[in-house]
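What you are looking at is a predicted structure, and each value in this text was computed from that prediction instead of being measured. Chain identifiers are assigned alphabetically (A, B, ...) following the order of the sequence lines, protein sequences preceding nucleic acid strands; residue numbering begins at 1 within each chain.
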Number of protein chains: 2
Amino acid sequence: MPGSMNISAASKAAGLPAKTVRYYADIGLVPAPARSQAGYRNYDDASVRKLVFVRRAREFGFSISECRELLGLYQDRRRSSADVKRIATLRLKKIAKKQHELQSLHDELAHLVDACRGDDRPDCPIINGLGGPGDRPCSPS
Amino acid sequence: MPGSMNISAASKAAGLPAKTVRYYADIGLVPAPARSQAGYRNYDDASVRKLVFVRRAREFGFSISECRELLGLYQDRRRSSADVKRIATLRLKKIAKKQHELQSLHDELAHLVDACRGDDRPDCPIINGLGGPGDRPCSPS
DNA sequence: CTAATCTTTCCTGTGACAGGAAGGTCAAGT
DNA sequence: ACTTGACCTTCCTGTCACAGGAAAGATTAG
């Protein structure tokens, strides 16, 4: 039989914690593995390849449900690569959006940090910029 | 009394959902507000300012515990602005690190998307690049 | 007085696992 | 054969920062 492993061997081969390997089967992301007479999970090479696939997809920022979708494509090679490209492009756009958000965040905070003397005096532009006492939102009359 | 509001007024003034306003008091991030005879929470302007402070800090990516720390500085103006600068600089570094991670992620995925024809043929570089059948990790002999 | 709109507390769910307890199993050494 | 230690199983709880909703009481407008 092509590599029948217990869960720790499979988890090492897949590069995932055993907990995560069990979890992925629990939520039905990957099919539940066969069991030994004593109830131990038996993983074969094909299962491990699926786990590796999921690990890499997760590293790419795909959510579990996106992984589910990708696994469907991965298993059904008759599907067009256009589907895969669509999903990956969507993910790419999300990444780019997140990058822009992080950029403006970074710039604004860097501006505050630059303006901060960083000495022992209590007046701090960072605190003020975050909405401190000098920046009351609205208290007329 | 300077603006005694119920929770919905305070939440509007602070720009936070009422649920979140309650939550912040529950976890002790902000002090628990006074109550009316019927048990309604009463917020004053100072409380609202603290909530605004927290909201802005959260928007800057500070975690709740970092907000806790910052609130301590915000309330104790005797503390040096160096402390604030240190915390903000740390956060700035984390943001920059995340940016780099996102960048390499983006580049790698974009490379795969570029290589993908996006047609109806089943051979997809994205799937392969994610560890598909053509990319077996290790199965010698 | 009634009806609508507050407010309260409490419980559950989210995403993607991690940590740990209680108990069964396996392989090696003595 | 027995013990030891490492492994496996299930199940429960905790994480983070809330969101959703149920059930019940309070307030306000008409």
Side-chain angles (χ1 to χ4, degrees), chain A residues 3-30 32-44 47-48 50-71 91 94-95 98 101 105, chain B residues 4-30 32-44 47-48 50-71 91 94 98 101 105:
Chain A
S4 185
M5 333 169 215
N6 60 17
I7 197 168
S8 66
S11 84
K12 269 165 206 151
L16 287 169
K19 280 264 180 190
T20 303
V21 173
R22 284 195 202 94
Y23 175 71
Y24 285 167
D26 283 353
I27 63 172
L29 177 59
V30 298
R35 301 295 187 115
S36 77
Q37 212 168 4
Y40 284 26
R41 288 165 178 84
N42 286 329
Y43 289 90
D44 55 13
S47 308
V48 169
K50 277 181 200 168
L51 289 170
V52 168
F53 178 87
V54 172
R55 172 177 61 77
R56 293 230 66 211
R58 294 283 299 128
E59 285 170 1
F60 270 90
F62 290 95
S63 74
I64 292 289
S65 67
E66 282 168 328
C67 287
R68 222 181 275 269
E69 204 173 353
L70 286 169
L71 260 183
R91 162 64 29 189
K94 282 186 191 166
I95 291 173
K98 192 83 188 165
E101 284 173 14
L105 204 87
Chain B
S4 187
M5 332 170 215
N6 60 17
I7 196 167
S8 66
S11 85
K12 268 166 206 150
L16 286 169
K19 281 262 181 192
T20 302
V21 173
R22 285 195 200 94
Y23 175 71
Y24 285 168
D26 282 354
I27 63 172
L29 177 59
V30 298
R35 301 294 187 114
S36 78
Q37 210 166 7
Y40 284 26
R41 288 166 178 83
N42 286 327
Y43 289 90
D44 55 13
S47 308
V48 169
K50 277 181 201 170
L51 289 170
V52 168
F53 177 87
V54 172
R55 173 178 58 77
R56 294 230 63 214
R58 293 285 299 131
E59 286 169 1
F60 270 91
F62 291 95
S63 73
I64 294 288
S65 67
E66 282 169 327
C67 286
R68 222 180 274 270
E69 204 174 354
L70 285 168
L71 260 183
R91 163 64 30 189
K94 281 185 192 167
K98 191 85 187 163
E101 284 174 12
L105 206 87

Considering every strand and a 4.0 Å limit on heavy-atom distances, what is the contact class for [X]: base, sugar-phosphate, or nothing?
X	answer
B:Ile7	sugar-phosphate
A:Ser36	nothing
B:Arg22	base

Out of [options], whichever nucleotide has its closest atom nearest the side chain of [X]:
X	options	answer
A:Ser63	C:dT7, C:dA16, D:dA17	C:dA16
B:Arg35	C:dT25, C:dA16, C:dT9	C:dT9
B:Ser8	C:dA18, C:dC6, D:dT10	C:dC6
B:Asn6	D:dA17, C:dC6, D:dC8	C:dC6
B:Arg41	C:dT9, D:dT10, C:dG24	C:dT9

Taking atom [atom2] of [N] as reference, at what distance in whole Å does atom [atom1] of [X] sit?
X	N	atom1	atom2	result
B:Phe62	D:dA17	CZ	P	14 Å
A:Arg55	C:dA16	CZ	C1'	17 Å
B:Asn42	D:dA26	CG	C1'	13 Å
A:Tyr40	C:dG23	OH	P	16 Å
B:Asp26	C:dC11	CG	P	13 Å
A:Ile27	C:dA18	CD1	P	12 Å

- Using a strict cut-off of less than 4.0 Å between a Lys/Arg side-chain nitrogen and an Asp/Glu carboxylate oxygen, indicate whether A:Glu66 and A:Arg58 qualify as a salt bridge.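 Salt bridge between A:Glu66 and A:Arg58, a charged N being under 4.0 Å from a carboxylate O: no.
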- Is any N or O donor-acceptor pair between the side chain of A:Tyr23 and the base of C:dG15 shorter than 3.5 Å?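 Donor-acceptor pair under 3.5 Å: no.
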- Main-chain N/O of B:Leu16 paired to B:Arg55 side chain as donor or acceptor, under 3.5 Å: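 Here the side-chain-to-backbone pair does not exist.
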- Query: Does any N or O in the side chain of A:Arg35 come within less than 3.5 Å of the main-chain N or O of A:Asn42, such that one atom is a donor and the other an acceptor?
  - Reply: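 Checked: no pair found.
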- Query: Does A:Thr20 place a side-chain N or O at less than 4.0 Å from the phosphate oxygens OP1/OP2 of C:dA16?
  - Reply: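 No, no such contact exists.
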- Task: For B:Tyr24 and for B:Lys19, find the nucleotide of DNA chain D with the closest heavy atom, then tell me which residue's nucleotide is more 5'.
- Result: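 Looking at the nearest nucleotide for each, B:Tyr24 comes out on the 5' side.
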- Message: Minimum heavy-atom separation for A:Ala13 and A:Val48, please, with both atom names.
- Response: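 Answer, listing the atom of A:Ala13 first, then A:Val48: CB-CG1, 3.8 Å.
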